[in-house]
K.L.:
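What follows is a structure written as C-alpha cells; I'll ask about it next.
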Amino acid sequence: MSSPATARPTAERIPSIDVLRGFAVLGILIVNMQGFARISTAYVNPVSAGGFEGVEVWLWSFVYLFADTKFISIFSMLFGAGMAMMSDRMAARGVSGTGLHYRRQFWLLLLGLVHAYLIWHGDILVAYALCGFLLYPLRNLGPRRLLWIGGCAVAFVVPLWSLFGMSIAYWRPEDLALAAAEWSPPQEALDAEIAAFRGPWAGQVQARAPIALTLQTTAFLGFFLWRAGGLMLVGMALYRLGVLAASRSTAFYRRMAVIGLAAGLPLAAAGVAYKLHHGFAFENTMFQGTLFNYVGSVGVCLGYLALVMLAVQSGWFAGLQRRLAATGRMALTNYIAQSVICSLVFYGHGLGLFERVGAPGRLGIVVGIWVLQLLWSPWWLARYRFGPLEWAWRSLSYMKRQPLRR
C-alpha cells in the first residue's frame with residue numbers, strides 16, 4: 001500500500017489522451033440529453049411519451065447512428081487506460097499504487113452515488129468505480145491477454161441478450177404484461193413522472209431513486225459490468241500498445257478508421273432500421289434489436305478514436321484541439337457540470353422544461369453547453385492546475401490537500 005508521503009501526484013500528461021477525453025465527454029452529452037429532458041423510458045423507447053414523428057424521428061436516428069454507445073465506449077477505454085497509466089508510473093518510482101487506486105475508486109463511487117440520487121439518475125461513475133475495484137488486479141497482463149479478455153467480456157452480452165430475447169415467447173402472460181407496461185408506461189404513470197421532475201427537488205429524488213438503483217444493480221450485472229469493464233481492459237491494452245498516444249503510424253490509424261467505421265456504421269444503421277420497422281415493440285427491440293448497435297458501436301468508437309489520433313498527429317484544428325484537451329483534463333468536472341446545468345434547465349428547481357423541449361431545442365442546448373465548456377475549460381486551467389472536482393478527487397485520494405492555483 002502506498003502512503004501519502006510516497007505516492008506523489010504526477011503532472012505528466014499525454015496530449016492525445018486529453019484531446020480524446022474532451023471529445024468523448026462532449027459527445028456523451030448528445031446521448032444523455034434524452035435522459036435529462038424526457039421521461040426515463042424515452043431513452044430506450046422514444047415512442048413511449050408520444051410525439052415521435054417528423055424531425056423527432058430524424059434526429060433520434062442521427063443520434064442513435066453516430067453517438068449512442070459510441071462516446072461512452074471511448075470514455076470506458078480511457079478509464080481503463082488511466083488505471084494502467086497510473087499503475088505504470090507508480091511502479092516506475094518503485095511505489096505501490098494499490099492503496100491510491102482503491103482510494104480513488106472509493107471517492108469516485110461516493111461522487112457517483114451523490115450524482116445519481118441527488119442530481120441525475122443516468123450516472124455512469126458508480127459503474128466505473130465498481131469496475132475499477134474489480135479489474136485492477138488484471139492491469140499488469142500483457143496487451144494481447146487484455147484484448148482477449150476484454151473482447152470476450154464485451155461479446156458476452158450478445159448471446160446473453162439473444163437468449164433473453166428468445167425467452168420472451170415463453171414468458172407468462174402476466175410477466176409479459178408487466179414488462180410491456182414498464183416499456184410503454186400508461187398515461188397516469190407518465191403524468192406522475194413528469195409532475196415529479198417538474199416539481200420540487202425532494203419529489204425528484206423520490207422519482208429518481210428507483211431508476212438509479214436499477215441501473216446500479218440489474219443493468220450493471222446484465223450490461224455495464226461486461227461492456228464498460230471489457231472496454232476498460234481494451235483501453236489498458238491500447239494504452240500499452242501506444243495507440244492512445246498517437247504514436248503508431250499514420251497508415252495504422254487510417255486502416256483503423258476505415259475498418260472501424262466501415263464495419264460499425266452499417267450495423268448501427270441496421271439497428272435504426274430494425275427499431276423503426278418494429279415500432280419499438282418490446283418483444284423485438286428490447287434485446288435483439290439493441291444488438292445491432294451494441295456490436296456496431298465498437299467499430300464506430302474505434303474509428304472515431306483513430307480519427308482523433310490522426311488529427312493529433314497532423315495538427316488539424318490546432319485551436320480546437322487545445323480547447324478539447326482542456327475540456328478533457330477537466331472531464332470529471334465537465335461531466336458533472338453537464339448534469340447540473342441540465343437539471344437547472346429541465347427540472348422543477350430550475351426552469352422546469354422537462355418534456356417541454358423538442359429535439360431541435362435539445363440539440364441547441366447541447367451545442368450551447370459545448371461552447372460553454374470549450375470556452376471555460378482553458379480559461380480555468382490557465383489559472384488553476386486542475387478542474388474543481390479533479391482537485392478535490394486528488395486531494396482526497398492522496399489524503400493531502402493538493403496545490404490548486406498556478
Side-chain angles (χ1 to χ4, degrees), residues 25-72 119-124 182-201 203-204 207-208 211 215 268-269 271-282 285-286 289-290 293 297 334-335 337-374:
V25 78
L26 293 182
I28 286 170
L29 181 60
I30 309 174
V31 183
N32 286 350
M33 184 57 64
Q34 182 97 324
F36 291 122
R38 305 205 65 199
I39 60 168
S40 55
T41 56
Y43 180 81
V44 292
N45 180 17
V47 305
S48 58
F52 189 66
E53 56 189 14
V55 68
E56 291 282 342
V57 177
W58 284 105
L59 285 178
W60 174 86
S61 301
F62 176 85
V63 171
Y64 192 80
L65 177 61
F66 292 106
D68 191 284
T69 319
K70 286 77 175 179
F71 292 102
I72 195 67
I119 302 175
W120 182 54
H121 48 265
D123 167 80
I124 193 62
E182 293 177 352
W183 182 257
S184 296
Q187 190 59 48
E188 56 268 25
L190 298 179
D191 292 341
E193 183 175 347
I194 291 170
F197 283 109
R198 288 181 185 172
W201 177 77
Q204 299 168 31
R208 183 178 298 122
I211 305 170
L215 290 175
V272 172
Y274 186 90
K275 291 194 170 192
L276 291 175
H277 174 73
H278 288 283
F280 294 90
F282 170 78
T285 57
M286 174 58 190
T290 303
N293 186 55
S297 62
N334 282 320
Y335 173 69
Q338 290 171 0
S339 296
V340 172
I341 293 170
C342 289
S343 74
L344 293 173
V345 172
F346 296 109
Y347 298 155
H349 58 274
L351 299 178
L353 297 181
F354 189 76
E355 281 292 351
R356 286 176 170 150
V357 180
R362 297 194 299 270
L363 184 59
I365 294 170
V366 168
V367 173
I369 294 174
W370 283 355
V371 172
L372 178 64
Q373 295 192 325
L374 286 169

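Just so you know, these numbers use all the heavy atoms, side chains as well, and skip hydrogens, waters and symmetry mates.
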K.L.:
Provide the closest heavy-atom pair for Lys275 versus Val44 in the form atom of the first, atom of the second, distance.
P.N.:
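Lys275 and Val44 have their closest heavy atoms at NZ-O, 4.5 Å.
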K.L.:
Could you tell me whether a side-chain N or O of Glu355 sits under 3.5 Å from a main-chain N or O of Ile39, the two making a donor and an acceptor?
P.N.:
yes
K.L.:
Hey, could you give me the CD1/CH2 distance between Ile119 and Trp201, rounded to the nearest 0.5 Å?
P.N.:
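Between atom CD1 of Ile119 and atom CH2 of Trp201 there are 9.5 Å.
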K.L.:
For the atom pair CD (Gln338) and CG (Leu26), what is the distance rounded to the nearest 0.5 Å?
P.N.:
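With rounding to 0.5 Å, CD (Gln338) is 6.5 Å from CG (Leu26).
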K.L.:
Taking Thr290's backbone N and O only, do any of them form a donor-acceptor pair with Thr285's side chain (distance below 3.5 Å, no angle check)?
P.N.:
no
K.L.:
So, for Cys342 and Met33, which heavy atoms are closest and what is the spacing to 0.1 Å?
P.N.:
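Where Cys342 meets Met33 most closely, the heavy atoms are SG-CE, 3.6 Å.
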K.L.:
Provide the closest heavy-atom pair for Ala207 versus Ala196 in the form atom of the first, atom of the second, distance.
P.N.:
CB-CB, 3.8 Å
K.L.:
Taking C-beta and beyond as the side chain, do Leu276 and Val57 meet within less than 4.5 Å on heavy atoms?
P.N.:
yes
K.L.:
Parallel, tilted or perpendicular for Trp183 and Phe282, by the 30°/60° rule?
P.N.:
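If you compare the ring of Trp183 with that of Phe282, the planes turn out perpendicular.
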K.L.:
side-chain contact (heavy atoms from CB on, under 4.5 Å) for Leu363 and Phe62? Distances and angles first, verdict last.
P.N.:
CA-CA 11 Å; Leu363 184 59; Phe62 176 85; over 6 Å; no
K.L.:
Going from CD1 on Ile28 to CD1 on Ile124, what distance comes out if it is rounded to the nearest 0.5 angstrom?
P.N.:
8.0 Å
K.L.:
One pair to check against side-chain contact (heavy atoms from CB on, under 4.5 Å): Asp68 and Tyr43. What are the steps and the verdict?
P.N.:
CA-CA 10 Å; Asp68 191 284; Tyr43 180 81; 3.1 Å; yes
K.L.:
Nearest heavy-atom pair of Ala337 and Gln373: which atoms, and what distance?
P.N.:
CB-NE2, 3.8 Å
K.L.:
Tell me whether the count of non-hydrogen atoms from other residues, nucleotides or ligands lying under 6.0 Å of NE2 in His278 goes above 12.
P.N.:
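More than 12 heavy atoms, drawn from other residues, nucleotides or ligands, come within 6.0 Å of this atom.
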K.L.:
Report the C-alpha separation of Thr41 and Glu182 in whole Å, then their side-chain angles, then the decisive distance to 0.1 Å, and conclude whether the side-chain contact (heavy atoms from CB on, under 4.5 Å) test is met.
P.N.:
CA-CA 8 Å; Thr41 56; Glu182 293 177 352; over 6 Å; no
K.L.:
Hey, mind stepping through Ser297 and Thr69 against side-chain hydrogen bond (donor to acceptor under 3.5 Å, both in side chains) and telling me if it holds?
P.N.:
CA-CA 6 Å; Ser297 62; Thr69 319; 4.8 Å; no
K.L.:
Please determine if Arg38 and Glu193 form a salt bridge, counting it only when a charged side-chain N lies under 4.0 Å from a carboxylate O.
P.N.:
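No salt bridge links Arg38 with Glu193.
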K.L.:
Any heavy-atom pair between the side chains of Ile341 and Leu372 that's under 4.5 Å?
P.N.:
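Yes - at least one pair of side-chain heavy atoms lies under 4.5 Å apart.
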K.L.:
Hey, is the main chain of Tyr64 close enough, under 3.5 Å, to the side chain of Lys70 for a donor-acceptor pair?
P.N.:
yes
K.L.:
If you round to the nearest 0.5 Å, how far is CG of Leu374 from CG of Asn334?
P.N.:
8.5 Å
K.L.:
In Å, rounded to the nearest 0.5 Å, how long is the span from CZ of Arg362 to CZ of Phe36?
P.N.:
13.0 Å
K.L.:
Ring centroids only, cut at 6.0 angstrom: are Phe197 and Tyr347 within range, meaning strictly under it?
P.N.:
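Ring centres of Tyr347 and Phe197 closer than 6.0 Å.
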K.L.:
Could you tell me which residues satisfy ring-ring contact (aromatic ring centres under 6.0 Å, His included) with Phe280, sequence neighbours excluded, listed by chain and number?
P.N.:
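If we apply the ring-ring contact (aromatic ring centres under 6.0 Å, His included) test to Phe280, skipping adjacent residues, the hits are Phe52, Trp60.
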K.L.:
Is there a side-chain contact (heavy atoms from CB on, under 4.5 Å) between Leu29 and Ile369 once you walk through the steps?
P.N.:
CA-CA 9 Å; Leu29 181 60; Ile369 294 174; 3.6 Å; yes
K.L.:
Kindly give the heavy-atom pair with the smallest separation between Gly352 and Arg198, and that separation in Å.
P.N.:
O-CG, 4.1 Å
K.L.:
What heavy-atom pair brings Glu56 and Gly358 nearest, and what distance separates the two atoms?
P.N.:
OE2-CA, 3.4 Å
K.L.:
Using ring-ring contact (aromatic ring centres under 6.0 Å, His included) as the criterion, list what pairs up with Tyr335, not counting sequence neighbours.
P.N.:
His115
